[in-house]
Amino acid sequence: MSGLLHTRSRLTALGAAVLLLAGCSATTSYSDAGDQLPQSDLVDALPTAWESTEIVDDTHIRVTFLGGVDDCYGHDVDVEETASSITISASTGGLPRHIGGCDAPLLEYTTLVETEQPVGDRTIVDGHAE
């Protein structure tokens with residue numbers, strides 16, 4: 001699954017400058033913003049339209065979607081890029097280790113995706129929108 005980012009960070013201008021001077025790259029983790037990690041081993045995965053997106057920086061987009069409780073359900077994301085658009089397709093499904101008792105209202109989750117090229121002025125498309 002190309003384009004998935006497993007790190008994300010918030011740095012002040014001073015913190016970023018210190019890291020650049022030290023020769024380090026600035027990264028952040030999913031947990032910094034509460035982003036959920038994608039899962040590729042979902043059971044009975046279904047296409048899921050996302051609610052919204054936020055361009056975080058040149059190559060990172062935060063996707064908001066609805067899903068079940070995270071002890072029972074997870075998500076996966078596929079990103080396809082062209083010169084004029086970025087198509088983000090989310091799927092949700094059961095986790096292989098869940099054991100019943102997972103009836104609950106849908107909750108709002110976010111995940112972070114990484115594009116291979118800068119987002120720029122490309123259109124962001126929901127691959128599962130109706």
Side-chain angles (χ1 to χ4, degrees):
M1 169 123 13
S2 70
L4 293 180
L5 175 71
H6 295 273
T7 58
R8 177 190 167 335
S9 70
R10 295 182 185 178
L11 297 173
T12 63
L14 178 59
V18 169
L19 288 176
L20 287 173
L21 290 173
C24 300
S25 64
T27 59
T28 51
S29 70
Y30 271 94
S31 62
D32 288 346
D35 297 318
Q36 301 294 310
L37 292 171
Q39 309 257 346
S40 61
D41 58 348
L42 300 175
V43 177
D44 299 325
L46 297 172
T48 303
W50 39 261
E51 300 290 309
S52 65
T53 60
E54 170 194 3
I55 299 171
V56 176
D57 61 31
D58 287 347
T59 58
H60 300 99
I61 302 169
R62 177 167 289 111
V63 180
T64 301
F65 61 96
L66 298 177
V69 294
D70 56 4
D71 288 341
C72 300
Y73 299 97
H75 76 281
D76 202 3
V77 179
D78 183 52
V79 179
E80 294 182 26
E81 299 183 50
T82 68
S84 61
S85 67
I86 302 166
T87 300
I88 302 172
S89 302
S91 299
T92 56
L95 297 175
R97 64 185 175 278
H98 86 281
I99 305 173
C102 293
D103 294 334
L106 292 176
L107 303 172
E108 188 174 88
Y109 293 100
T110 59
T111 193
L112 201 60
V113 297
E114 181 177 24
T115 58
E116 291 181 13
Q117 299 297 319
V119 175
D121 61 357
R122 294 188 287 172
T123 303
I124 301 172
V125 178
D126 187 337
H128 296 307
E130 294 182 12

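Computed over heavy atoms, backbone and side chain alike; hydrogens, waters and symmetry mates excluded.
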Practice prompt. Might you work through the side chain to side chain contact (heavy atoms under 4.5 Å, CB included) test for Ile88 and Phe65, ending with a clear yes or no?
Written response: CA-CA 11 Å; Ile88 302 172; Phe65 61 96; over 6 Å; no
Worksheet item: Is there a side chain to side chain contact (heavy atoms under 4.5 Å, CB included) between Glu108 and Leu66 once you walk through the steps?
Response: CA-CA 5 Å; Glu108 188 174 88; Leu66 298 177; 4.2 Å; yes
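Hydrophobic clustering, defined by side-chain heavy atoms of Ile, Leu, Val, Met, Phe, Trp and Tyr closer than 4.5 Å, groups Leu42 together with Leu95.
When atom types are taken as modelled, the side chain of Ser89 and the backbone of His128 share no donor-acceptor pair closer than 3.5 angstrom. When atom types are taken as modelled, the side chain of Asp58 and the backbone of Pro118 share no donor-acceptor pair closer than 3.5 angstrom. The backbone N or O of Gln117 lies less than 3.5 Å from a partner atom in the side chain of Arg122, making a donor-acceptor pair. At least one donor-acceptor pair under 3.5 Å links the side chain of Thr48 to the backbone N or O of Thr92.
A side chain to side chain contact (heavy atoms under 4.5 Å, CB included) with Ile86 holds for exactly one of Ile55, Val125, Val119, Thr123; it is Val119. Tested against Ile61 for a side chain to side chain contact (heavy atoms under 4.5 Å, CB included), the candidates Val113, Thr111, Val56 yield a single pass: Val113.
Atoms OG1 and CD, on Thr64 and Glu51 in that order, are 8.0 Å from each other to the nearest 0.5 Å. Here the CD-CD1 distance, from Glu81 to Ile124, works out to 10.5 Å after rounding to the nearest 0.5 Å.
In this structure the side chain of Gln39 never reaches within 4.5 angstrom of the side chain of Asp76, judged on heavy atoms.
His75 has its ring centre no less than 6.0 Å from the ring centre of Tyr109.
In terms of hydrophobic clustering, with Ile, Leu, Val, Met, Phe, Trp and Tyr side chains grouped at heavy-atom distances under 4.5 Å, Val77 and Leu107 are assigned to a common cluster.
Between Ser91 and Pro47 the shortest heavy-atom distance is OG-CA, 4.1 Å.
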